[in-house]
Amino acid sequence: MNKLLQTFRILHKAYGPQGWWPVTPEGENKPHYGVKITLQRHRFEIAIGAILTQNTAWTNAEKALIALHAKNVLTPEKILKLQKEKLALLIRPAGYFNQKAERLMTLAEFFTTTDITQEETTMLRTKLLALQGVGPETADSILLYAAEKPVFVIDAYTRRIFSRMGYLPENGSYETWQNLFHSMLPKDTILFKEYHALLVKHTKKACRKRPVCETCIFSDTCKKLV
DNA sequence: CGCCAGGGCCTCA
DNA sequence: TGAGGCCATGGC
């Protein structure tokens, strides 16, 4: 078993299944984990969440999602009917609300013309990256969690954890990192979802900016290159 | 009070 | 292509 697969096993054993990405079930008022994605509105909510959580704590992004859900505007059509200023006010807790309101509009427009489940992965990625405000991580989050394509999401946490463990040079490009995971892991959507979610979990628990190495599950092998 | 959070765009070398 | 500034709220 290779190192990346082994690391997944350890994370999974320590933290258990994460059930990402959280979505709002029927009859509920806020996102829940462990919900099976069956509806288009779930996929749209995930994509919206991916924008809202850009460089932002999930708790803040969630407040914005709750507000959107309370106003019953979590569909592309209803987002597009809102004035940008009204939308910005609704998502205010997520921060960068003017930028994000613009980006949500762009995303909503995209969803009215595209069924992401019917798109081929590479083409869909290209289309997403062409949208203003959708970079590699946001695009891949939408691909993996909303479209359920087997694409590994690289984020700051992934780089931090594996850099500290001494796996890779600090300044690899996004594609370099992603290629490593794609080459070392089976192309499995469920695995990619859980792995990324577990990396986030582990970062919050131990591998913070100021790491808590004393109780870390990798303290025996990690190079601790802070 | 300062730091940080599930980035991305733009500018300027 | 990469470093730096900018966008902004809320929790700790």
Side-chain angles (χ1 to χ4, degrees), chain A residues 8 11 15 17-24 30-35 37 43 45-68 84-107 110 125-147 151-164 168-179 181 192-212 226:
Chain A
F8 171 77
L11 287 167
Y15 301 121
Q18 301 299 302
W20 273 37
W21 186 291
V23 293
T24 308
K30 63 174 172 41
H32 290 243
Y33 292 88
V35 178
I37 307 304
R43 301 183 193 281
E45 182 179 335
I46 291 168
I48 293 293
I51 296 285
L52 290 174
T53 197
Q54 286 173 349
N55 200 38
T56 299
W58 174 253
T59 50
N60 284 10
E62 191 188 56
K63 290 176 196 303
L65 280 172
I66 290 169
L68 293 173
K84 197 185 303 176
E85 294 74 18
K86 300 276 192 182
L87 180 57
L89 208 56
L90 277 175
I91 64 169
R92 189 181 140 89
Y96 309 114
F97 47 81
N98 290 314
Q99 277 191 4
K100 286 177 180 176
E102 178 78 35
R103 293 174 184 186
L104 293 192
M105 291 284 202
T106 303
L107 193 69
F110 180 74
R125 189 171 197 271
T126 301
K127 289 180 178 177
L128 287 169
L129 287 174
L131 301 178
Q132 195 65 232
V134 177
E137 186 190 332
T138 304
D140 289 340
S141 291
I142 294 171
L143 284 165
L144 178 62
Y145 291 105
V151 174
F152 202 92
V153 177
I154 304 297
D155 59 15
Y157 294 169
T158 311
R159 298 171 197 247
R160 181 193 297 171
I161 290 172
F162 289 101
S163 294
R164 283 177 176 168
L168 272 190
E170 285 276 350
N171 289 324
S173 69
Y174 187 96
E175 277 68 27
T176 303
W177 281 92
Q178 190 176 54
N179 287 341
F181 282 84
F192 287 3
K193 283 185 184 180
E194 283 301 311
Y195 206 155
H196 175 242
L198 284 164
L199 291 172
V200 174
K201 179 80 169 186
H202 179 61
T203 299
K204 290 175 175 173
K205 178 97 175 163
C207 208
R208 305 177 181 177
K209 202 137 197 169
R210 212 171 80 88
V212 186
V226 183

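The chains referred to below are lettered A, B, ... by the order of the sequence lines, with proteins before strands, and numbering in each begins at 1.
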Enquirer: Just to verify, what does A:R43 make a salt bridge (charged side-chain N to carboxylate O under 4.0 Å, His left out) with, not counting sequence neighbours?
Expert: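 Here the qualifying residues are A:E148.
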
Enquirer: At under 4.0 Å between heavy atoms, what does A:Q99 touch on the DNA or RNA strands: base, sugar-phosphate, or nothing?
Expert: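 Base contact.
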
Enquirer: What base-paired stems does DNA chain C take part in, with at least 3 consecutive Watson-Crick or G-U wobble pairs and both distances under 3.5 Å?
Expert: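 Stems (3+ consecutive pairs) listed as B:2-5 with C:9-12, B:7-13 with C:1-7.
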
Enquirer: Under the side chain to side chain contact (heavy atoms under 4.5 Å, CB included) rule, collect the residues that match up with A:T24, sequence neighbours excluded.
Expert: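 Partners of A:T24 by the side chain to side chain contact (heavy atoms under 4.5 Å, CB included) criterion, ordered by chain and then number, come out as A:E28, A:P31, A:R41, A:E45, A:H69.
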
Enquirer: Please check if any side-chain donor atom of A:T158 sits under 3.5 Å from a side-chain acceptor atom of A:D155, or the reverse.
Expert: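 The answer is yes; a qualifying pair exists.
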
Enquirer: Between the protein and nucleotides 9-12 of chain C, are there any N/O to N/O pairs under 3.5 Å, and if so, what are the atom names and distances?
Expert:
residue, atom, partner, partner atom, Å
C:dT9, OP1, A:R92, NH1, 3.4
C:dT9, O2, A:N60, ND2, 2.9
C:dG10, O4', A:N60, OD1, 3.3
C:dG10, O4', A:N60, ND2, 3.0
C:dG11, OP1, A:K63, NZ, 3.3

Enquirer: Report, one pair per line, the protein and nucleotides 9-13 of chain B atoms (nitrogen or oxygen only) whose separation is under 3.5 Å.
Expert:
residue, atom, partner, partner atom, Å
B:dC9, OP1, A:G133, N, 3.1
B:dC9, O3', A:Q132, OE1, 3.4

Enquirer: Write out all pairs satisfying salt bridge (Lys or Arg N to Asp or Glu O under 4.0 Å) with one or both partners inside residues 138-147 of chain A, taking only residues at least two apart or from two chains.
Expert: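 Listed once each, the pairs are A:R125-A:D140.
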
Enquirer: For atom P, what is the distance between B:dG8 and C:dG10, given to the nearest Å?
Expert: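 So the two P atoms sit 23 Å from each other.
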
Enquirer: Do other residues, nucleotides or ligands put more than 12 heavy atoms under 6.0 Å from the NZ atom of A:K201?
Expert: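 No, not enclosed.
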
Enquirer: Can you measure A:L128 atom CG to B:dG8 atom P for me and round it to whole angstrom units?
Expert: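 Going from CG in A:L128 over to P in B:dG8 covers 12 Å.
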
Enquirer: Rounding to the closest angstrom, what is the interatomic distance between B:dC3 and C:dG5 at atom P?
Expert: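 Between the two P atoms, the distance is 15 Å.
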
